[in-house]
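First comes the structure, then the notes that go with it.
Keep in mind the model is a prediction, meaning the values are calculated, not measured. Because only heavy atoms are used, hydrogens play no part in the values below, and waters and symmetry mates are left out as well, while side chains stay in. Lettering of chains follows the sequences in order, A, B, ..., and the numbering in each one begins at 1.
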Amino acid sequence: MKTAKLGILRERRDELLHSSLSKALSSAQNPKQLHKVHTLLITSGLERSAFFSGKLISKYAQLKDPISSFSVFHQLSPAANVYQWNSIIRALTHCGLFSKALELYAKMRDMKLKPDTYTFPSVINACAAAGDFQTGCVVHNHVLEMGFGFDLYIGNALVDMYARFGDLIKARNIFEEMPHRDIVSWNSLISGYSANAYWEEALEIYYQARIAGLKPDPFTISSVLPAFGGLLAIKEGEVVHGLVEKLGINADIIVSNGLLSIYFKFGRLMDARRVFNQMVVKDTVSWNTLICGYCQMELFEESIELFMEMVRSFRPDLLTITSILRACGLLQDLEFGKFVHDYMIRSGFECDVTASNIIIDMYAKCGDLVASGKVFDRMKYRDSVSWNTLINGYIQSGSYDKGVKLFKKMKMDLKPDCITFVALLSICTRLADMELGKEIHCDLAKLGFDSDLVVCNALVDMYAKCGKIDYALMVFENMKVHDIVTWNTVIAACVQAEDCSLGLRMVNQMKNEEFMPDMATMLGILPICSAIAAKRQGKEVHACTFKLGSESAVSVGNALIEMYSKCGNLMYSIRVFEHMKTKDVVTWTALISAYGMHGEGKNALKSFEEMLAAGLIPDHVAFIAIIYACSHSGLVEEGLAYFDRMKKDYNIEPSIEHYACVVDLLSRSGQLSKAEEFINSMPLKPDASIWGALLSASRASGDLKIAERISQHIVQLDFDDPGYYVLVANVYAALGRWDDVRMIRKSIKVKGLKKDPGCSWIEIKKRAYAFGTGDKFFKQYEKVNKLLGTLANLMAKEGYVADLQYALHDVEEDEKRGLLYGHSERLAIAFGLLNTEPGTPLQILKNLRVCGDCHTWTKYVSKIVKREILVRDANRFHKFQDGTCSCGDHW
DNA sequence: CTAGGGTTAG
């Protein structure tokens, strides 16, 4: 009786002890309290009880003390039961000791202990977190073998694991086959898609969950927000923001941080700011997102101010520091950058690879490559980004050889990646060093990077800029996917190779593949339009710039000015110029050149002075433009004055192009001997362009004595441009020295040079018609020939006499006249007259300079047929009207 | 069992 009573009392006491210890255990907030409870458990002999040992293990893990967890477990084994094994595996996983957790799982199986459904979630979690795909699959098999495939928690863990491995197909399959799902299942899949940037899929699952009537929780929202951000789905993002308010989860810090982040991605600074200001609790991530967002919007000064504000109440972490270092680099604020670097070292973040990489970049952007190199050398571990960043730093500072050297060192240490090769190719491009380029091409092909889009784009660019358009096109043809940069590069390659028709075909092909042109595309197409005077396409591009909102970009405006002027519409050039809000030296130079081409020298002078008044400093190109403009309007004194001012006032050493312009200026105005004197007094060795300028002028003015002397100079120079040989041959032809003509023609052939055949174009009703010299094989040849005959008779009455020195073959006079008839611009003009309404102005394009006889001929035609005829030759525009030409014969 | 912020390039 007594013992029974005692027994009941003891039981009652044990119960009370048990429950109070249990309460104390779960409410322990810190290691100190926990150790106290642990001691009590030991003294009461409850430490190893199934209930308390498991709790202890978990509680230590919760307070991030895996060693104590393990020591509790260790005292139990080998007698530990499944519950205790589960606890230790979960504890180790929770504390990040994944391989240790997996080791224990394997040991548990070795001991023939049967895992239960509670074992697997943490084991799977450990595989996922450790990135151990193989073990993950093995564990998955165990799950199936044991018939746990339908367990909700295990299924959720598996979805998460495969998603982390990037195997979204498997994750999706498991998800689809789960007999029961909860919000965690949906969240795991959404987050898996989001983390792997499968934005559309993330949204698809999110909307499915919504349709299925699931209530989103903070996990759902923070997993789906990056997808809205990634797709720039502003409207939908705002809807989610509304939903967050409605669900009352706007106080969740991770949700708010997510909202903050997407508003920055949308470029909505004010909305981001509002989210941030309304946050009751902020953490380091909130501040980092804010600071980083300001950096993304290029508000670097403001981001540094925010950083200063942050440090008053928060301790910046590694990510704060790296964000701010990026800002320092982009601001080139070396001073502050050094300060932050120092702070980082003091905070013990120096060993972080990413942070060190950013520091290398920061110093490089600030131009201190020595400091970059020091940081690089001090790093214990380097990844490919470290190497790439330093290589790119050397490239930016122009130390290409150092970049190449570092690349060779890198190859001995680790595998270069596609970014490394892009950097190296840019070295080849900048140096136009194709030998190195080919070497790099081989290197990267061996590693399989020749299928990488960005690398291929860089290859196309490299070959094109090295002058090998055929290689560039070969790489392009072999590419499986293209992006907008591919097209822009290949279009630029065509421009570089002066193959306008190929360029236009590329533009069409690009449109066929439904690529939206961007600003770079426009800047690529405009020079093509300029070169072939494709005004219609040029106008289309102009319209496109409005659609893209890039019409106010300076570079676009500059290209438009050139395009309109080369297409013969000076007025539009001026209009574009006047509408530009910001104008740089290039803008003014484009306008000055436009006036120059159209023979409006006075306006060119005026513009030049206006440019100076606007406070811009002319560069060497601006001087070429103005001297050229003077030369084409016969403003000799003014041109010479600018040549002097360039040296005196702007300290620009004249280059060969400037000298060529001055020679042109003097000789066009008929001052041939002065030009020759000028050449002989030049400090630079005159090249073909210098002698050529004088020669063509002396031929035009009929001074064959000088022409002959100059020709000898040119022949002696022995260069590779066929144009000048043709010029010399023409002089000998005019002198009737046909043996010399034959000799020159032969030497062109021997050198393997090909002269550009004369060619003219005219556009009628959206179609371009091209005519070569002496062409007979076109549809309306008979009609054209008849019209030329009629015109010849009318002209003869007006006093026109053919200048036979421009017929360049050794034939009888009558035949010479016939040859002149066949000059391509005459064919084009006659064709134009036949196929347009009377009174319509004609616009002709010619690849070479107009010959003297054709110039005279066209003047007569303009008077006889009462038409305005605009001819663009290789140099400039000639506007023929009522028997005169706008060039005032200065062509 | 599920969530947020950082680096290099054409």
- [ ] Would you kindly check if the NZ (Lys) or CZ (Arg) of A:Arg430 is within the cone defined by 45 degrees around the ring axis of A:Tyr400 and under 6.0 Å from the six-membered ring centre?
- [x] no
TODO: For A:Asp283, answer base if it contacts any base atom (sugar-phosphate contacts may also be present), sugar-phosphate if it contacts only those atoms, and nothing otherwise; contact means non-hydrogen atoms under 4.0 Å.
DONE: base
Open item on the list: Is the positively charged end of A:Lys282 above the ring of A:Phe276, judged by distance under 6.0 angstrom from the centroid and angle within 45° of the axis?
Closed with: yes
Task: Atom-to-atom span, CG of A:Asp217 to C1' of B:dC1 - whole angstrom - done: 12 Å
TODO: Just call it for A:Thr354: base, sugar-phosphate, or nothing, with non-hydrogen atoms closer than 4.0 Å on any strand.
DONE: base
Open item on the list: Counting C-beta onward and ignoring hydrogens, is there a side-chain heavy-atom pair between A:His441 and A:Val475 closer than 4.5 Å?
Closed with: yes
Task: Side-chain N,O (A:Arg326) to OP1/OP2 (B:dT8) below 4.0 Å - done: yes
Task: Phosphate OP1/OP2 of B:dC1: any A:Asn125 side-chain N/O under 4.0 Å - done: yes
Open item on the list: Among B:dA3, B:dC1, B:dG10, which nucleotide has an atom closest to any side-chain atom of A:Val454?
Closed with: B:dG10
Open item on the list: Rounded to whole Å, how long is the line connecting atom CE of A:Met344 with atom C1' of B:dT7?
Closed with: 12 Å
Open item on the list: At less than 3.5 Å, do the side-chain atoms of A:Ser222 and the base atoms of B:dA3 form a donor-acceptor pair?
Closed with: yes
Open item on the list: Under 4.0 Å, heavy atoms only, any strand: does A:Asp317 hit a base, just the sugar-phosphate, or nothing?
Closed with: base
- [ ] Would you indicate which nucleotide in B:dA3, B:dG10, B:dC1 comes nearest to any side-chain atom of A:Asp182?
- [x] B:dC1
Task: Nearest-neighbour nucleotide for the A:Asn388 side chain, B:dG10, B:dT2, B:dT8 considered - done: B:dT8
- [ ] From the options B:dT7, B:dG6, B:dC1, select the nucleotide whose nearest atom is closest to the side chain of A:Leu319.
- [x] B:dG6
Open item on the list: Between A:His142 and A:Phe148, is the ring-ring contact (aromatic ring centres under 6.0 Å, His included) condition met? List the steps.
Closed with: CA-CA 9 Å; A:His142 294 165; A:Phe148 294 157; over 10 Å; no
Open item on the list: Among B:dG10, B:dA3, B:dG6, which nucleotide has an atom closest to any side-chain atom of A:Gln296?
Closed with: B:dG6
- [ ] Please indicate whether A:Tyr153 has more than 12 foreign heavy atoms, meaning atoms of other residues, nucleotides or ligands, lying under 6.0 Å from its OH.
- [x] no
Open item on the list: Categorize A:Asp483 for me: base, sugar-phosphate, or nothing, with a 4.0 angstrom heavy-atom threshold over every strand shown.
Closed with: base
Open item on the list: Distance check needed: B:dG10 C1' versus A:Asn392 CG, whole Å only.
Closed with: 11 Å
Open item on the list: Taking any heavy-atom pair under 4.0 Å as a contact, classify A:Ala195: base, sugar-phosphate, or nothing.
Closed with: nothing
TODO: With heavy atoms under 4.0 Å as the rule, sort A:Leu260 into base, sugar-phosphate or nothing.
DONE: nothing
- [ ] Report the distance from atom CE of A:Met462 to atom P of B:dG10, rounded to the nearest whole Å.
- [x] 15 Å
Open item on the list: Quick check: any donor-acceptor pair below 3.5 Å linking the side-chain of A:Asp352 to the base of B:dG6?
Closed with: yes
TODO: When you get a sec, tell me which of B:dG10, B:dG6, B:dA9 is the closest nucleotide to the side chain of A:Ile419?
DONE: B:dA9
Open item on the list: Using a 4.0 Å heavy-atom cut-off, does A:Ile358 contact any base of the nucleic acid, only the sugar-phosphate backbone, or nothing at all?
Closed with: sugar-phosphate
Open item on the list: Any base atoms under 4.0 Å from A:Ser188, or only sugar-phosphate, or nothing? Heavy atoms, all strands.
Closed with: sugar-phosphate
Open item on the list: Whether A:Arg164 contacts B:dA3 is assessed here as follows: a side-chain N or O lying under 4.0 Å from the phosphate OP1 or OP2. Is that the case?
Closed with: yes
Open item on the list: Which nucleotide wins on minimum distance to the side chain of A:Val184, given the candidates B:dC1, B:dG10, B:dG6?
Closed with: B:dC1
- [ ] Can you tell me the distance, in whole Å, between the OH atom of A:Tyr193 and the C1' atom of B:dT2?
- [x] 16 Å
Task: Any A:Trp287 side-chain heavy atom under 4.5 Å of A:Phe307 side chain - done: no
Task: Rounded distance in Å - CE (A:Met410) to C1' (B:dA9) - done: 13 Å
Open item on the list: To the nearest 0.5 Å, what is the distance between CG on A:Leu447 and CZ on A:Phe421?
Closed with: 5.0 Å
Task: A:Asn457 side-chain N/O to B:dA9 phosphate OP1/OP2 under 4.0 Å - done: no
Task: Gap between atoms CZ and P, on A:Phe421 and B:dA9 respectively (whole Å) - done: 17 Å
Open item on the list: I want to check one thing: is the phosphate of B:dT8, taken as OP1 and OP2, less than 4.0 Å away from some side-chain N or O of A:Gln396?
Closed with: no
Open item on the list: Nearest whole Å is fine: how far is B:dC1 P from A:Ile89 CD1?
Closed with: 12 Å
